[in-house]
Trainee: 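Pasting a structure below so you can have a look.
The residues of the chain are indexed from 1 along the displayed sequence.
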Amino acid sequence: MKPLRYDEWVESLFNQTTSHHGSHLLCEEFWHTNPDLALLVNWLLRHCGSDLARFSNDQIALGLKYLFNDLAVQSDTPLKSGEISRIHKLNILRSFQYLYVDCFEKRCAPVLLHADQCGGDSLNDFCYMLWDNSCLAYWDDHRDPEEFYRALVEMLRDVLLLNNPACVESALHGLGHLHSKVPEAVELVVGAYLDRFPSGDGLLLDYARQARIGDVL
């Protein structure tokens, strides 16, 4: 069931007209606890294709940056709060696949930012740096953190099958950083990608080889 006042929350979060550092303060009126926010975010990720269709790439990037980067206070974020159950946290991580499939795959320019290719926009920037900048990629402060890291690896494994090179690059970037946490899982997933696309884009294949050993920027 759609969370209460979800549509108003989406409007207040993404209908920003400023080009830099939108305040997004109004959207905080629509959740009262961290579990409320978790429900809103999970629904948004799973319905982003339709629910974000009316917003520009810049507006989407600003709203997503606020949710997953700017809400972080010091070393944590409300979405990692102890008030949110473990299963709900894992569901949010798995739901990022919808963000890739229904938003990034369709809206990001097919360019590679690690190779300084031109043509991308602010949504490309957010997609590429998502797991580098977001506190949701760090779970060492939780019990049995490997379960969270493996959930991320499995989700990104599926993103590697998408057609947009910007999505594949983002997944490889995230996997490269996760190598220090779950090296065997990352090496298995990236190795399978390299075996599946031996004659693919040379830049992506080189980047995949770097990701397989955790050597990404």
Side-chain angles (χ1 to χ4, degrees), residues 1-18 21-108 122-123 126-127 129-131 133-139 141-143 145 147-152 154-156 158-159 162 167 170-171 174:
M1 181 181 298
K2 183 189 294 187
L4 185 66
R5 301 185 72 188
Y6 167 81
D7 292 330
E8 296 171 82
W9 176 71
V10 168
E11 184 69 18
S12 68
L13 180 59
F14 293 99
N15 191 14
Q16 297 287 329
T17 57
T18 55
H21 295 311
S23 66
H24 301 96
L25 293 178
L26 291 177
C27 73
E28 296 181 10
E29 298 178 5
F30 302 110
W31 82 76
H32 303 288
T33 68
N34 292 330
D36 289 335
L37 177 59
L39 291 174
L40 289 165
V41 168
N42 197 48
W43 189 275
L44 171 67
L45 291 172
R46 289 176 172 268
H47 299 86
C48 61
S50 58
D51 294 356
L52 298 183
R54 66 186 183 277
F55 301 110
S56 70
N57 280 9
D58 284 343
Q59 289 175 314
I60 293 172
L62 278 170
L64 293 176
K65 180 177 179 293
Y66 174 77
L67 275 182
F68 301 119
N69 298 356
D70 297 347
L71 268 182
V73 179
Q74 296 180 353
S75 62
D76 209 347
T77 174
L79 290 172
K80 291 176 62 184
S81 164
E83 298 175 273
I84 301 172
S85 72
R86 190 178 186 88
I87 188 63
H88 283 156
K89 292 173 184 176
L90 289 167
N91 283 340
I92 287 173
L93 295 184
R94 293 169 180 136
S95 293
F96 272 94
Q97 184 175 349
Y98 293 91
L99 185 63
Y100 278 99
V101 171
D102 297 330
C103 182
F104 295 157
E105 170 83 348
K106 298 175 180 178
R107 303 186 67 139
C108 286
S122 59
L123 192 61
F126 180 85
C127 176
M129 295 299 292
L130 174 56
W131 301 109
N133 289 338
S134 171
C135 288
L136 290 171
Y138 178 83
W139 296 93
D141 52 353
H142 280 58
R143 175 177 55 84
E147 184 178 15
F148 293 99
Y149 293 127
R150 288 189 177 278
L152 283 170
E154 290 170 5
M155 183 274 296
L156 293 173
D158 293 337
V159 174
L162 297 180
C167 293
S170 173

Trainee: Go through the steps for Glu11 and Arg5 under the test salt bridge (charged side-chain N to carboxylate O under 4.0 Å, His left out), then give the verdict.
Mentor: CA-CA 10 Å; Glu11 184 69 18; Arg5 301 185 72 188; over 6 Å; no
Trainee: Using 0.5 Å steps for rounding, measure from the CZ atom of Arg46 to the CG atom of Leu99.
Mentor: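 Here the interatomic distance stands at 12.5 Å.
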Trainee: Heavy atoms only: give me the nearest Cys167-Cys127 pair and the separation to one decimal.
Mentor: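 Minimum heavy-atom contact is CA-SG, 4.4 Å.
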Trainee: If every non-hydrogen atom of Val159 is compared with every non-hydrogen atom of Ala171, which pair is closest and at what distance?
Mentor: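 Where Val159 meets Ala171 most closely, the heavy atoms are CG1-CB, 3.7 Å.
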Trainee: Surrounding CZ of Phe55 (heavy atoms of other residues, nucleotides or ligands, distance under 6.0 Å), is the total greater than 12?
Mentor: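 Buried by this count: over 12 neighbours within 6.0 Å.
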Trainee: Under a 4.5 Å cut-off applied to non-hydrogen side-chain atoms, are Phe104 and Ser170 in contact?
Mentor: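 Not touching, per the 4.5 Å side-chain cut-off.
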Trainee: Which heavy-atom pair separates Glu105 from Leu162 by the least distance, and what is that distance?
Mentor: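 Closest approach of Glu105 to Leu162, heavy atoms only: OE1-CB, 3.3 Å.
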Trainee: Compare all side-chain heavy atoms of Met155 with those of Tyr100 and state whether any distance is below 4.5 angstrom.
Mentor: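 The answer is yes; the side chains approach within 4.5 Å.
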Trainee: What orientation do Trp131 and Phe96 show, parallel under 30°, tilted 30 to 60°, or perpendicular over 60°?
Mentor: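 Rings of Trp131 and Phe96: perpendicular, as their planes differ by over 60°.
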Trainee: Please test Cys103 against Ile60 for side-chain contact (heavy atoms from CB on, under 4.5 Å), starting from the C-alpha separation and ending with a verdict.
Mentor: CA-CA 9 Å; Cys103 182; Ile60 293 172; 4.2 Å; yes
Trainee: I need the minimum non-hydrogen distance between Phe126 and Phe68, along with the two atoms involved.
Mentor: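 That closest heavy-atom pairing would be CZ-CD1, 4.0 Å.
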Trainee: Angle class for the His142/Phe148 ring planes (parallel below 30°, perpendicular above 60°, tilted otherwise)?
Mentor: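 Ring orientation of His142 relative to Phe148: perpendicular.
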Trainee: Between Phe14 and Leu64, is there a side-chain heavy-atom distance shorter than 4.5 Å?
Mentor: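 Yes, their side chains come closer than 4.5 Å.
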Trainee: Using side-chain heavy atoms (C-beta onward) and a distance below 4.5 Å, is Asp141 in contact with Lys80?
Mentor: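 In contact.
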Trainee: Measure the shortest side-chain to side-chain distance between Trp9 and Leu37 over non-hydrogen atoms and say whether it is less than 4.5 angstrom.
Mentor: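 Yes, close enough: below the 4.5 Å cut-off.
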Trainee: Can you give me the closest heavy-atom contact between Leu40 and Pro3, atom names plus distance?
Mentor: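 The answer is CD2-CB, 3.7 Å.
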Trainee: If you round to the nearest 0.5 Å, how far is CD of Glu154 from CG of Leu93?
Mentor: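 If I round to the nearest 0.5 Å, the distance is 11.0 Å.
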Trainee: Keeping the roles fixed (side chain from Ser85, backbone from His88), state whether a donor-acceptor pair exists under 3.5 Å.
Mentor: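 Yes; judged by distance alone, with no hydrogens or angles, the pair exists.
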Trainee: Report the distance from atom CG of Leu67 to atom CG of Leu136, rounding to the nearest 0.5 Å.
Mentor: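 Reported to 0.5 Å precision, the distance equals 10.0 Å.
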Trainee: Looking at Arg107, is its backbone amide N or carbonyl O close enough to the side chain of Asn57 to form a donor-acceptor pair, meaning the two atoms are under 3.5 Å apart?
Mentor: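 Answer holds: yes.
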Trainee: Report the distance from atom CG of Asp70 to atom CG of Asn133, rounding to the nearest 0.5 Å.
Mentor: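 Reported to 0.5 Å precision, the distance equals 10.0 Å.
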Trainee: Can you measure from CG (Leu39) to OH (Tyr6) and round to the nearest 0.5 angstrom?
Mentor: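 Separation between the atoms: 12.0 Å.
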Trainee: After noting the C-alpha distance and the side-chain angles of Glu8 and Glu29, does the key distance pass the side-chain contact (heavy atoms from CB on, under 4.5 Å) rule?
Mentor: CA-CA 10 Å; Glu8 296 171 82; Glu29 298 178 5; over 6 Å; no
Trainee: Taking all non-hydrogen atoms of both residues, which atom of Ile92 and which atom of Leu45 are closest, and how far apart?
Mentor: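 Of all heavy-atom pairs spanning Ile92 and Leu45, the closest is O-CD1, 3.7 Å.
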Trainee: Quick one: CG on Leu79 to CG on Asn34, what's the gap to the nearest 0.5 Å?
Mentor: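 If we round to the nearest 0.5 Å, Leu79:CG and Asn34:CG are 7.5 Å apart.
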Trainee: Passes side-chain contact (heavy atoms from CB on, under 4.5 Å), Arg94 versus Asp158? Steps please.
Mentor: CA-CA 10 Å; Arg94 293 169 180 136; Asp158 293 337; over 6 Å; no
Trainee: Report yes or no: do His47 and Lys2 form a side-chain donor-acceptor pair below 3.5 Å?
Mentor: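 No.
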